[in-house]
Each structure stands twice: as C-alpha cells, then as structure tokens.
Amino acid sequence: MTVKKMKRRAILAFVQNKPGTLNKISMMIRRKMYNVDTLTVCKAKPPGVSRMTITLREDDEAKVTQVIRQLEKFTEVIRAKELDRDCSYWREVAIVKFELDTKKLEKLQKKYQIEILDSKPHDIHIIQIAGPTDRLDSFLDDLGAEHLIEIARTGVTAMDK
Amino acid sequence: MQGTELVLRALHARGVKYIFGYTGGAIMPVFDEMEKQKLFTFVMPRHEQGATFMAQGMSRASLSTATPQIGVCMATSGPGAMNLVTGVADAHMDSVPIVAITGQVATGVIATDAFQESDVVGVMMPICKQTYMPLSADEIEKTIHEAFYVATTGRFGPVVIDIPKDVQVQQARENYNFDLKKFRPKLPGFYYHPSPERDVLHQAIELINRSERPVLFCGHGVISSNAGAMLQEFAEKTNIPVAFTLHGLSAMPVDHPLSLGMMGMHGTVEANRAVMNADLIISFGMRFDDRVTGKLKEYAKDADVIHVEIDPSELDKNVKTTVAINADVSRTLHVMLNDPELNSKPRRRWLQEIEENRQVTISSVADELADGVGIAGKLLMKTIIHRLSEITEGKDIVVPDVGQHQMMSARYYNFQTNNSWFTSGGAGTMGCSLPMAIGAKLARPEERVWSISGDGGFQMNIQELGTIMEQKTDVKIMILNNGYLGMVRQWQTLFFDGRYAGTPMQSPDYGLIAQAYGIPYLKVAELDQVDAAIRTAIAHDGAYILEFICDPSEVILPMIPAGGGFGDMIVSRPQA
Ligand SMILES: Cc1ncc(C[n+]2csc(CCOP(=O)(O)OP(=O)(O)O)c2C)c(N)n1
Ligand SMILES: [Mg+2]
C-alpha cells in the first residue's frame, strides 16, 4: 500500500496557561483522530498565556478549519489560526548523537550550520542543528541512518513573517 | 464563611431550587450545610445516574417557563462521581445545561489513590463542556458562577465542578467578598456570536426568495432558544415546509399544514423525500448528525444549504454550507422576519409533491392503525401512542426512553405544546426516561408528564420508582412491553436474517413491582382496554403505571438503513 503524503500544516494557538489545557487539547486531537506531527508549547509574551504550535498532515481544508474551530471552542483557547506556509517561519532544533570519522564530519559541517556540542573518543559526536524541518531531514539523510546513535527533536515552532 | 456555605450561596443566587443528590464521605459537608439552611428541595435518586437525568429534565422542561432553572446534581467522590458519567456524556451530546458537583478527596491526599479517589476532571473532560476544581474556599463562588455562565452561554452543555473535601470546609479569607453584580467571568477565549452578520443574512434571504423547492429544518437550537413560535411565523410567512430533527419536535404543532414531521433514519416519507429533492435547505440549530443525513455523499445533492448555528464548529462539519450563519437561532429569525426583502411564493408544485408523499406515509400504516393490533392480536406501539395522543389532544409532556417506542412516540404523538418532548438523542441512553420525567414534572408541576419506556430501558433505571414513591411525583408511566430489546430486534429482522442474539428478555411481574412501591398499576393486553386504561391513569391523582403487552414483530418504518442514502428508504415491511 502506498501512503500519499499529505500537506503539512501549522496551527498557532494562544491558550490560557491553566492546568489541564494541554491535556484537553491533546485529548481532542486523539478523539478527532487528526494526524498530528508535532506539538510545541512555550510561554507567550502576556503573562499567563502559552503559545502552542501544532503541525499536522491534512489536505482537506474543511478538516483544518474543524481543528481550529474545535480549538477555539475551548474556553482556555484565546485564539487559534493557521499559519500560511509562505508567510511564516517554521523551525525546529535537533540534538544528534552519531558515530562518524572526522573527515566526513568536516564535510557535513561545511554543508550544514551545525554546532558541535561534544566529541568523544571512537568518533562519537553530539551536535546541534537548527532550521526548517527539511534541512534537518536532509542532514540526517546525508549522515546516514547507519551512523546515527540517538536523536532528539523539539518539534516545530513557528511565527508569522 | 465556609466553603460549603459559598457553594450553596452561589447555587441559590443562580435560581436553583432543586438539588438532585446522593451523599457519601467526600460530599457530606455540603449536604450538612444544606440540612442546616433548608433553602433547597432535596431529591434523592436511587442511583447517581438518576440524578443526572433528573437534572436534565429540570433544565430542559423549565427552559420555556418564566423561571428557567438549571438542573444541579451532586455526588460523592469515586464511585458516586463515576455513576454520573453516562448522564453527563448524554447531556453533552444533546447540549443540555446541567451542573454536576462532586466531592473529591482532600487536596493533601489527591493522587495517592486515596479511598474513593477517581480522576473526575480527567474522566469528565472529554464528555462535558467544562470541568473545574476550586483549590481554595475563596475560589468557590467565582467558579460556580463561571460554570453556570459557561453551561448556559452559546451552545448549552454540562459542566462538572469537583470540590476537594478540605476546600469545602475551609474558611474564606477574612475580608472575602463576592459581588455577583460586578462579576464577569474572565474568559478571553470564550466568545460567541449571538447576532447574525448582515451580509450573510442578505445572501440567505436572496437564496430563500429565489428557491422553488425549499425546506426548513427545525433542530434542537430552536427549542433551546425558545424560538418555536418565530419559526412557525417564518414558515407561514415564506410558505416553506418544515422538517424536524428528533430534538426539534414540539417546537411547533406537528400537524401544522406546513409540517413534514420528523426527518432522518425513522423520518416520514414526505420529510425525507423533500430533503432529497430540495433546491434549498434552511437549517436552524442542528448539526447534520448521521441519523439525520444518512450517507453524506448522497445527501441533498441539489440543494444549497443555509445553516444557522450558534456553535461555529458545527458549520461545514458534515455538510458543506452555501451560507453559514454563526448566530443564535432566535435572534436570526427575529432579524429575518423583520427584513422587508423576505418574500413568499405559492410553490404549488413543490407543496403538491409533498402532499403526495404525505399520503405514502399515511397509507403505509393505514392498515395497521385501523387494526390496532399485530400478530396474535398483540397491541401495536403505534396504536397506543396514537390513542394517547388523541386522548391528551397532543398537549402533554412526553419523555420516552430509547428504542422502538421512542421512535413511535416521535412519530405518532401529535405535539401541540411548545417544548414538551424530552428525549436522549445524541447518546440514546436507555434508562433516561423515568428520571428525566421526574425532573420535568418538578419543573412543570401543572402539566401532565408521561414517561414511556420499553421493557429493556425501564429495567435500567427501575430503581427511580423509589424516588417517585418518596417525592410523590405524579408521573404517568407507560411500559411498552414487547419482550425484546425491540429496536435491536428490528435490525436483526431487517439486516441479520432474523437471528435474535441477546434481544429476548424476561420482565419481572411489574404489577408486584408497582405494588412494592405503592404505585397503582394496570396491565393492558386488549385493544378495547387501551383508552380506558389511559383515562384511568389520567384520572388518578399521582403516579400510575400502565403496562401494555406489545407485538414484538412490529417495526418502525420508514427506515433508512445506517449508512444508507435517502434512496434506500424502506417504506413498507418486507414479507417474512
Ligand atoms: C444504555 C444503552 N445500552 C444499549 C443500547 C442499545 N439499544 C438501543 S435501543 C435498544 C433496545 C431497547 O429495548 P426496549 O427498552 O425494550 O425498547 P423497545 O425498542 O423494545 O421499544 C438497545 C439495546 C442503548 N441505546 N443504551
Ligand atoms: Mg422492548
């Protein structure tokens, strides 16, 4: 079976920072069976308000509108909207641990802006890479799965231009 | 002041007169305060689920009176709170505003698996409109007032307030002061649009004026916003027929010349064919649930859709709209009725087509209604409901349970009184009728209330006969006993080759049960006793139980099979 890759969408929501809000939103996502990729939360500028970025795969406009309306239905959600891909920045950070000889590492370093956090004996390195999702993906492709030991990704956070 | 006093002060300020509650360790302090104050009429159900449906009956029935009252139910922590779950979920599905208050174990032991601790907020969160847990006495009043506001603002729904026991007995701080007049809930994310926007309204009116084959949909929102009379005026003014959802019934007289009766799975032929052939649907306060639409792909293919709905998340959810109006039904109708552009048309061909289909419905059951009995001379549910409707002139309050008898009641009771039909639709919870009828009767004591159950559902909350006995509630009870879980049996007849798995059911001797509770009882097996029995129950001052022995092979038709389109409607009974 071939799975058609659906378009990636990002929804930005400002929510009241109350106990249970995150729980409620993730439960709604499960209940409605949306294909959520990432969900990130941080403090927003006004005190007591959190900023939440949700990315999901969905081609159906009506479904995306549904997610937004379901979010807005919660009294804790102050505002929710979709971020237009072309008019916003989407970024994530990854910490990657891998085993690679120094030569290859230097090549990667030239191609990608990575920060080396730690280099251990036996060619084991821990690096940090930030940027759009596809840059992170392409870095991992270039690295090769056989070299990868561990990876931590933050998920996407985003902002209007 | 102590937390418990603040709980009761807030409820009192919200016009609450009845509390449906069941005590236990974690809610005892509130009950104790209630006993001291004696401000409320306390009604004890025999199971906490009963309390939720009594609260629903109170909210739903009082909505159209001069003194609307939100139903309040109370339970203790753990098992008590868990017994509220079904009724709260049911209220959520049907947008009924109730307030459920539960005791919780003390804050110091929360999350230690303390005796009778359950994560009430966690369990209730996805099945109610909002959950609260005040963590200090100072928060209690503000929380309860916000809860009432949320329950009754925008689309109605149930809210749950879980109050730890130590918070109940805590003293408010010394200079604590709460001014309801100045109280505004701090909910920056909670807005709703009561008034329709001008441009969409004009688009809607243009579509209405242009339409040759329009249908009006009357949903629960018409009842909830008390707009039945306005909807009728709108239908008359524009000369457009009206189809009802299960919850829209009783918003206007169902025998009105423009009424098509109920639509959907068990709707009338005229309603469903009108929807199928319409060029315009004007829908007020409903959500295009699958029991209404059948197969979505085939639904109302040629129709433009105007959808007036207070909850924006319902717009374009199941059915794509041409014009979406996010507003209160009553306000929208009011503005539309006063718009000089709104026109009427004779639409003779459309109305004639509808009349022809009406005759199809009538002739499909003419024989059965004339005979009054089915196989082996057993009573037909439709006859019983039809007779009840005739004798009461369609004016009484009807609270059915869930099953065939529910659909028979929806189809054969000739609703004349606004807001006189309370049923579990979205959830379809068996056992709701008896407790919901109690709540309805307490809300509208001057009116006659009929609780109509099947033998299955009646046994699900049969214990509430104890409440009726104790409160001396005058509810007229009908058990339509067909010896089966009839609605499921009907599906087995039609779609499972007549294999009756798990549907035959024995009943106890309801006469003895009635006697045990001190409620008079009559068993009716013959057609010529039906009228007399109904009249006897009516004449009796107080509760009465009538058991009717019904034909298990009766089916409720027409029927659109689940997932089928309107073209798949089964109108007459397949030959066995
Ligand atoms: C709590 C609950 N359990 C199961 C069902 C599924 N169900 C729907 S109708 C029905 C049969 C109801 O039988 P009865 O109460 O005798 O009414 P009848 O259909 O015979 O009139 C059942 C089992 C339900 N709706 N609610
Ligand atoms: Mg039955």
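Here is the naming used below: chain letters follow the sequence lines, and residue numbers restart at 1 for every chain.
- Shortest non-hydrogen contact noted between B:Pro126 and A:Met27 is CG-SD, 3.6 Å.
- In A:Lys103, the NZ atom is not crowded: 12 or fewer heavy atoms of neighbouring residues, nucleotides or ligands sit closer than 6.0 Å.
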Can you check whether chain B and chain A share any donor-acceptor pairs under 3.5 Å, and give the atom names and distances if they do?
unit_1  : atom_1 : unit_2   : atom_2 : d
A:Lys24 : NZ     : B:Gln130 : OE1    : 2.5
A:Gln66 : NE2    : B:Ser313 : O      : 2.5
A:Arg69 : NH1    : B:Pro312 : O      : 3.3
A:Arg69 : NH1    : B:Leu315 : O      : 2.9
A:Lys73 : NZ     : B:Asp311 : OD2    : 2.6
A:Lys73 : NZ     : B:Ser313 : OG     : 3.2
A:Thr75 : OG1    : B:Gln130 : NE2    : 2.6
A:Glu76 : OE2    : B:Gln130 : NE2    : 3.0

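- Listed by sequence position, the residues of residues 85-98 of chain A in contact with chain B number zero, using a 4.5 angstrom heavy-atom cutoff.
- With a 4.5 Å cut-off on non-hydrogen atoms, A:Phe74 touches chain B through its backbone but not through its side chain.
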